[in-house]
Amino acid sequence: MAPRAYWKGSLKLSLVSCPVALYPASTSVEKTRFHMINRETGNRLKQQMVDAETGDVVESDQKARGYELKKGEYVEVEKEELEAVQIESNHTIDIDSFVPKDEIDKRYLNHPYYIVPDGKAGVDAFAVIRDAMKDQDRVALARIVLTNREHIMAIEPLGKGLLGTTLRYPYELRDEDDYFDGIKSPKISKDMIELASHILDTKAAHFDPKKFKDEYENALKALVRRKASGKPIKTAEREEKPDNVINLMDALKASLKGRSAAKRGRRSTARRRPSHRRSPRKARRPATRQRRAS
């Protein structure tokens with residue numbers, strides 16, 4: 001069954017537009033989730049809203065939204081008042097500009113969406129916009145209204161379609177100076193930098209998300225399977241963590257030494273493996289010589 005589109009509308013570049021559909025590119029469906037249950041009956045529990053002061057259960061018709069002006073003092077905002085300031089969606093992704101991809105700070109990236117043509121009518125216009133961005137190696141910055149809020153979306157080519165990623169606003173990011181200002185700048189010897197760089201080289205690889213393993217998720221699934229089948233659960237003993245490293249240079253050398261030893265072990269194992277290609281050649285040589293002799 002085909003997934004249901006999260007949003008439908010038009011992708012617009014100047015006077016060129018085409019109908020498109022948005023699909024969330026990420027999902028949490030496969031993650032293990034738990035529900036709160038009654039231990040005695042096994043029934044699922046449901047939550048209730050309770051007045052923080054009186055402890056009374058608040059019914060749905062008594063609930064309201066309030067903004068905290070100061071500690072314990074709220075101003076109530078009516079539903080109709082919220083609707084009056086909400087941005088009505090025109091179901092259009094308006095492209096405002098194109099920027100180099102490397103200029104987008106990764107901290108601004110939020111939620112990814114797949115953008116695909118909606119029907120056959122706009123396939124040509126969709127392909128023109130997509131291929132033009134490929135040719136220029138640029139990312140489109142556009143405006144889109146999702147859930148009554150306007151978002152800035154970065155759009156870039158991805159295979160046959162487009163990838164649209166909503167961006168955070170500047171007020172949603174924390175200032176790095178609040179966290180980095182206290183970091184000292186010690187004097188590091190050139191030998192340490194070169195040794196660390198060499199360790200980096202030995203661990204050089206390519207980005208491959210297929211190698212990512214969610215060990216905790218796998219452990220949760222295994223736990224649920226064992227519990228459901230009535231098997232006993234064994235509590236694993238936690239490994240003791242090594243003490244903090246005092247001598248950084250010694251730690252770097254030890255890291256490099258361990259890496260080199262592992263490589264030597266792999267090479268020696270490869271040398272010890274029996275060769276299955278040479279033995280047939282040796283067996284054929286005497287027969288060849290006999291024919292020449294005859």
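Bear in mind that the values here come from a model prediction, so they are computed numbers and not experimental data.
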N/O donor-acceptor pairs under 3.5 Å from side chains in residues 12-34, not counting sequence neighbours:
{"unit_1": "Thr27", "atom_1": "OG1", "unit_2": "Val29", "atom_2": "N", "d": "3.1"}
{"unit_1": "Ser28", "atom_1": "OG", "unit_2": "Arg33", "atom_2": "NH2", "d": "2.9"}
{"unit_1": "Thr32", "atom_1": "OG1", "unit_2": "Glu217", "atom_2": "OE2", "d": "2.5"}

Output all residues satisfying side chain to side chain donor-acceptor pair (under 3.5 Å) with Asp175, sequence neighbours left out; order by chain, then residue number.
none
For a quick test of reading the model, state the closest non-hydrogen atom pair linking Arg168 to Leu109 and the distance between them.
NH1-O, 2.5 Å
How far does OG1 of Thr166 sit from CZ of Arg149, to the nearest 0.5 angstrom?
12.5 Å
Heavy-atom nearest pair, Lys70 first then Glu73, reads CE-OE1, 2.5 Å
Closest heavy-atom pair and its distance - Val58, Val50:
CG2-C, 4.3 Å
Could you walk me through whether Leu141 and Ile95 satisfy the side-chain contact (heavy atoms from CB on, under 4.5 Å) test, starting with their C-alpha distance in whole Å, then the side-chain angles of each, then the deciding distance to 0.1 Å, before giving a yes or no?
CA-CA 6 Å; Leu141 294 183; Ile95 297 177; over 6 Å; no
Spell out, yes or no, whether Val145 and Ile115 are grouped together once hydrophobic residues are joined by side-chain heavy atoms under 4.5 Å, including indirect joins.
no
Validation row: Leu69, Val75 side chains within 4.5 angstrom (heavy atoms)
yes
Quick one: side chain to side chain donor-acceptor pair (under 3.5 Å) partners of Asp56, sequence neighbours excluded?
Thr54
Distance from Glu80 atom CD to Glu83 atom CD, nearest 0.5 Å?
6.0 Å
Euclidean distance, Ile129 CD1 relative to Ile93 CD1, rounded to 0.5 Å:
9.5 Å
List for me each residue that meets ring pair (Phe, Tyr, Trp, His ring centres under 6.0 Å) alongside Tyr171, sequence neighbours excluded, and say none if there are none.
Tyr169
Is the count of non-hydrogen atoms from other residues, nucleotides or ligands lying under 6.0 Å from Arg226 atom CZ greater than 12?
yes
Tell me whether Asn148 at atom CG has more than 12 heavy atoms from other residues, nucleotides or ligands lying less than 6.0 Å away.
yes
Check for me, please, whether Val224 and Tyr216 land in the same ILVMFWY cluster - side-chain distances under 4.5 Å, paths through other members count.
yes
By salt bridge (Lys or Arg N to Asp or Glu O under 4.0 Å), which residues pair with Lys46, not counting sequence neighbours?
none
Can you establish whether the number of heavy atoms outside Lys8 located under 6.0 Å from its atom NZ is more than 12?
no
Please output the side-chain donor-acceptor pairs of residues 179-190 that fall under 3.5 Å, not counting sequence neighbours, one pair per line with the distance.
{"unit_1": "Ser189", "atom_1": "OG", "unit_2": "Met192", "atom_2": "N", "d": "3.4"}

Close side-chain approach of Leu167 to Asn110, heavy-atom, < 4.5 Å:
no
Note, Pro100 side chain near Glu103 side chain (heavy atom, < 4.5 Å)
yes
Qualifying residues under salt bridge (Lys or Arg N to Asp or Glu O under 4.0 Å), relative to Asp105, sequence neighbours excluded:
Arg107
His91 and Trp7: CA distance, side-chain angles, deciding distance, side-chain contact (heavy atoms from CB on, under 4.5 Å) verdict:
CA-CA 8 Å; His91 293 281; Trp7 181 95; 4.1 Å; yes
Please table the atom pairs, donor to acceptor, closer than 3.5 Å between any side-chain atom in residues 151-163 and protein atoms at least two apart or in another chain.
{"unit_1": "His151", "atom_1": "NE2", "unit_2": "Leu146", "atom_2": "O", "d": "3.4"}
{"unit_1": "Glu156", "atom_1": "OE1", "unit_2": "Lys101", "atom_2": "NZ", "d": "2.9"}

Can you sort out the partners of Arg44 under side chain to side chain donor-acceptor pair (under 3.5 Å), two or more places apart, ordered by chain and number?
His35
Hydrophobic clusters here meaning ILVMFWY residues chained together by side-chain heavy-atom distances under 4.5 Å, can you tell me if Val128 and Met133 are in one?
no
Would a distance-only check, ignoring hydrogens and angles, find a side-chain to backbone donor-acceptor pair under 3.5 Å from Ser197 to Leu195?
no
Sequence neighbours excluded, the answer for side chain to side chain donor-acceptor pair (under 3.5 Å) partners of Asp191 is none
With ring pair (Phe, Tyr, Trp, His ring centres under 6.0 Å) as the rule and sequence neighbours excluded, what pairs involving residues 96-146 come up?
Tyr6-Tyr113
Within this structure, what is the CG-NZ distance for the pair Asn218 and Lys213, rounded to the nearest 0.5 Å?
8.5 Å
Mind jotting down which residue pairs meet the ring pair (Phe, Tyr, Trp, His ring centres under 6.0 Å) criterion with at least one end in residues 191-211? Sequence neighbours excluded, please.
Phe207-Phe212
All heavy atoms of Val57 vs all of Gln62, minimum pair found to be O-OE1, 4.4 Å
Has Glu68 got more than 12 heavy atoms of other residues, nucleotides or ligands less than 6.0 Å from its CD?
yes
About how many Å separate CD of Glu150 and CG of Asp94, when rounded to the nearest 0.5 Å?
8.5 Å
